[in-house]
Novice: 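Here it is: the structure, laid out below.
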Protein chains: 2
Amino acid sequence: MPRPADVEALKQIAILGGLHDAVELASGEFAQLIDVSQQTASRRLIELTDEGLIKREMGVRKQRIRITAEGESLLRAEHLAYRRLFERQERVRVRGSVQTGLGEGRYYLSRPGYDAQFQDKLGWRPYPGTLNLDLGGAEANKLKFLRKNPVYVIEGFQAEGRSFGGVLCFPARIGDQEAAAILPNRTHYTTVLEVIAPVCLRESLPCEDHDRLELDVLLEADGATGVTVRPVPGADA
Amino acid sequence: MPRPADVEALKQIAILGGLHDAVELASGEFAQLIDVSQQTASRRLIELTDEGLIKREMGVRKQRIRITAEGESLLRAEHLAYRRLFERQERVRVRGSVQTGLGEGRYYLSRPGYDAQFQDKLGWRPYPGTLNLDLGGAEANKLKFLRKNPVYVIEGFQAEGRSFGGVLCFPARIGDQEAAAILPNRTHYTTVLEVIAPVCLRESLPCEDHDRLELDVLLEADGATGVTVRPVPGADA
DNA sequence: ATTACTATTCTACGAGTAT
DNA sequence: TATACTCGTAGAATAGTAA
């Protein structure tokens with residue numbers, strides 16, 4: 001994995017035009033550009049070459065430097081990271097580990113008061129069981145952001161002589177699998193995000209406890225699901 | 001000036017939401033995030049604080065970290081740099097030092113064959129004299145890019161029993177001053193960009209030999225100049 | 001001119017640990 | 001538990017210089 005100083009050096013070469021063309025550069029010039037000695041600049045160019053991020057043709061007074069496809073994709077990844085920070089983002093990627101569920105998800109999801117609302121908002125009926133994703137320490141900060149930007153609000157209700165609390169709900173994807181993330185309204189201090197889907201995720205992914213998963217949480221109502229064509233019973237008879 | 005490792009650390013805090021909200025983070029968690037020891041992570045947070053890039057509230061188990069306005073502008077500058085690399089750029093910023101001219105600019109610019117074409121393309125008549133900007137070593141690579149992406153092509157012509165060569169021309173700005181950059185068609189191996197303007201730049205900026213200047217070269221025909229309303233002689237009589 | 005090796009300096013990392 | 005100090009050390013940066 002390239003160090004931050006390498007990425008910065010590569011960026012400077014790109015600014016000079018190294019993405020589109022060979023750049024003519026002496027190690028001494030490069031040194032000024034990244035504010036180090038000529039020797040360090042020379043070594044950095046060797047490192048970048050060894051890492052496959054640039055290609056060099058040595059000349060007598062200058063070297064011709066071109067950023068490789070690999071180097072470009074590294075810079076594009078940086079670009080994407082900054083876009084996500086500052087350009088209106090439509091999804092949040094969270095990483096977490098599959099947690100042993102308490103089995104209560106199955107009970108809650110099968111309450112008609114929840115089930116009907118999920119079908120209404122999401123366009124599909126959740127498989128009766130939640131996959132609990134534990135967002136390790138730092139990653140849990142993203143939950144605060146999600147709480148502030150709910151996509152669907154599932155209302156609480158009274159049933160069976162008790163009350164069921166409201167939850168926030170977000171369309172989501174695990175890989176290509178359509179899913180949804182839910183956050184109970186009340187419990188603020190948790191690092192767990194519950195994931196539901198029209199299928200049993202533990203079987204379809206598949207995954208087990210302690211597996212690490214990446215979930216893309218969408219921050220807007222998911223148009224695609226709203227127009228899902230469901231077969232009308234009896235229509236094909 | 002923050003080191004690349006500091007910028008990377010700040011970026012990671014931003015990804016967790018530190019731009020919009022306080023992020024709850026322990027130094028050990030942060031250590032995992034930036035792949036260093038707890039001690040180094042702690043030190044890095046102290047550095048970021050000293051540099052004024054983040055603000056911290058120390059808690060017992062976690063610290064609440066918020067990116068400051070200064071930190072945000074640093075990240076925005078990074079974002080801008082990457083945007084310039086990958087999003088269709090409309091201007092190229094070049095830095096160079098004012099070079100002693102040979103006085104020949106004055107002669108060339110006053111040839112009607114050039115003057116008429118400049119007025120046609122740019123919408124104004126250049127002051128008879130060029131400001132020569134010497135783009136130091138590395139910066140000169142940008143000239144290659146400009147040669148590949150000419151905005152106006154000024155044709156060569158015959159006059160006074162000799163031939164005058166064609167030049168490439170680009171609308172440009174020095175600060176708020178409207179100007180144009182010109183590159184002779186022939187001489188490929190030079191580090192000098194000639195700058196013209198409707199006024200005498202040495203007086204209006206003002207500037208002297210060896211001053212360092214920043215010039216924004218626009219890569220598209222400058223709409224604003226095309227619609228400049230020029231007084232029609234006699235119309236106000 | 002350059003590049004980049006070797007020797008040397010010194011910075012920055014992490015272990016141990018106090019608070 | 002945290003944070004963050006001191007300190008020994010690895011490795012990065014520079015000086016000197018050969019090619």
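Hydrogens, waters and symmetry mates play no part in the numbers below; they use all other heavy atoms, side chains included. The sequence lines fix the lettering, A, B, ..., with proteins before strands; numbering per chain opens at 1.
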Novice: For salt bridge (charged side-chain N to carboxylate O under 4.0 Å, His left out), just list the numbers for Glu8(B) and Arg3(A), CA-CA rounded to whole Å, side-chain angles, deciding distance to a tenth of an Å, and then say yes or no.
Specialist: CA-CA 10 Å; Glu8(B) 173 63 23; Arg3(A) 295 171 305 123; over 6 Å; no
Novice: Quick one: is Gln63(A) getting a side-chain N or O under 4.0 Å of the dT3(C) phosphate, OP1 or OP2?
Specialist: yes
Novice: Could you tell me how far apart Gln32(A) (CD) and dT14(D) (P) are, to the nearest whole angstrom?
Specialist: 13 Å
Novice: Who pairs with Arg212(B) by side-chain contact (heavy atoms from CB on, under 4.5 Å), at least two apart in sequence or on another chain?
Specialist: Arg95(B), Ser97(B)
Novice: Please state how far atom CG in Asp6(A) lies from atom C1' in dA13(D), giving the value in whole angstrom units.
Specialist: 14 Å
Novice: Would you mind reading off the distance between Met58(B) atom CE and dT1(D) atom P, rounded to a whole angstrom?
Specialist: 17 Å
Novice: Rounded to whole Å, please give me the gap between CZ in Phe30(A) and C1' in dT2(C).
Specialist: 16 Å
Novice: What integer distance in Å separates Ile46(A):CD1 from dG11(D):P?
Specialist: 18 Å
Novice: Cys200(A): what forms a side-chain contact (heavy atoms from CB on, under 4.5 Å) with it, not counting sequence neighbours?
Specialist: Tyr127(A), Arg202(A), Glu203(A)
Novice: Run the ring-ring contact (aromatic ring centres under 6.0 Å, His included) check on Tyr114(B) and Phe157(B) step by step: do they pass?
Specialist: CA-CA 9 Å; Tyr114(B) 285 131; Phe157(B) 54 91; 4.9 Å; yes
Novice: Could you state the atom-to-atom distance from CG of Leu25(A) to P of dT2(C) in whole Å?
Specialist: 12 Å
Novice: Do Lys11(A) and Glu78(A) sit within salt-bridge range, that is, some charged N less than 4.0 Å from a carboxylate O?
Specialist: no
Novice: Please enumerate all residues that pass side-chain contact (heavy atoms from CB on, under 4.5 Å) together with Glu70(A), with sequence neighbours excluded.
Specialist: Leu53(A), Thr68(A)
Novice: Taking only residues two or more places apart in sequence or in another chain, which ones pass side-chain contact (heavy atoms from CB on, under 4.5 Å) with Asp211(B)?
Specialist: Val98(B), Cys207(B), Glu208(B)
Novice: Can you tell whether the side chains of Glu87(A) and Arg84(A) come within less than 4.0 Å, N to carboxylate O?
Specialist: no
Novice: Using atom names, set out every protein N or O paired with an N or O of nucleotides 12-14 of chain C below 3.5 Å, distance rounded to 0.1 Å.
Specialist:
| from | atom 1 | to | atom 2 | distance (Å) |
| --- | --- | --- | --- | --- |
| dC13(C) | OP1 | Arg44(B) | NH2 | 2.9 |
| dC13(C) | OP2 | Arg43(B) | NH1 | 3.2 |
| dC13(C) | OP2 | Arg44(B) | NH2 | 3.1 |
| dG14(C) | OP2 | Ser37(B) | N | 2.8 |
| dG14(C) | OP2 | Ser37(B) | OG | 2.8 |
| dG14(C) | OP2 | Thr40(B) | OG1 | 2.6 |
| dG14(C) | O5' | Ser37(B) | OG | 3.4 |
| dG14(C) | N7 | Arg43(B) | NH2 | 3.3 |

Novice: Rounded to the nearest angstrom, tell me the gap between atom NZ in Lys62(B) and atom P in dA4(D).
Specialist: 15 Å
Novice: Please report the end-to-end axis angle for the helix from dT2(C)-dA19(D) to dT19(C)-dA2(D), five pairs per end, rounded to 10 degrees.
Specialist: 40°
Novice: I'd like to know if Glu57(A) pairs up with Arg66(A) as an ion pair, taking the criterion as any Lys NZ or Arg NE/NH1/NH2 lying under 4.0 Å from an Asp or Glu carboxylate oxygen.
Specialist: no
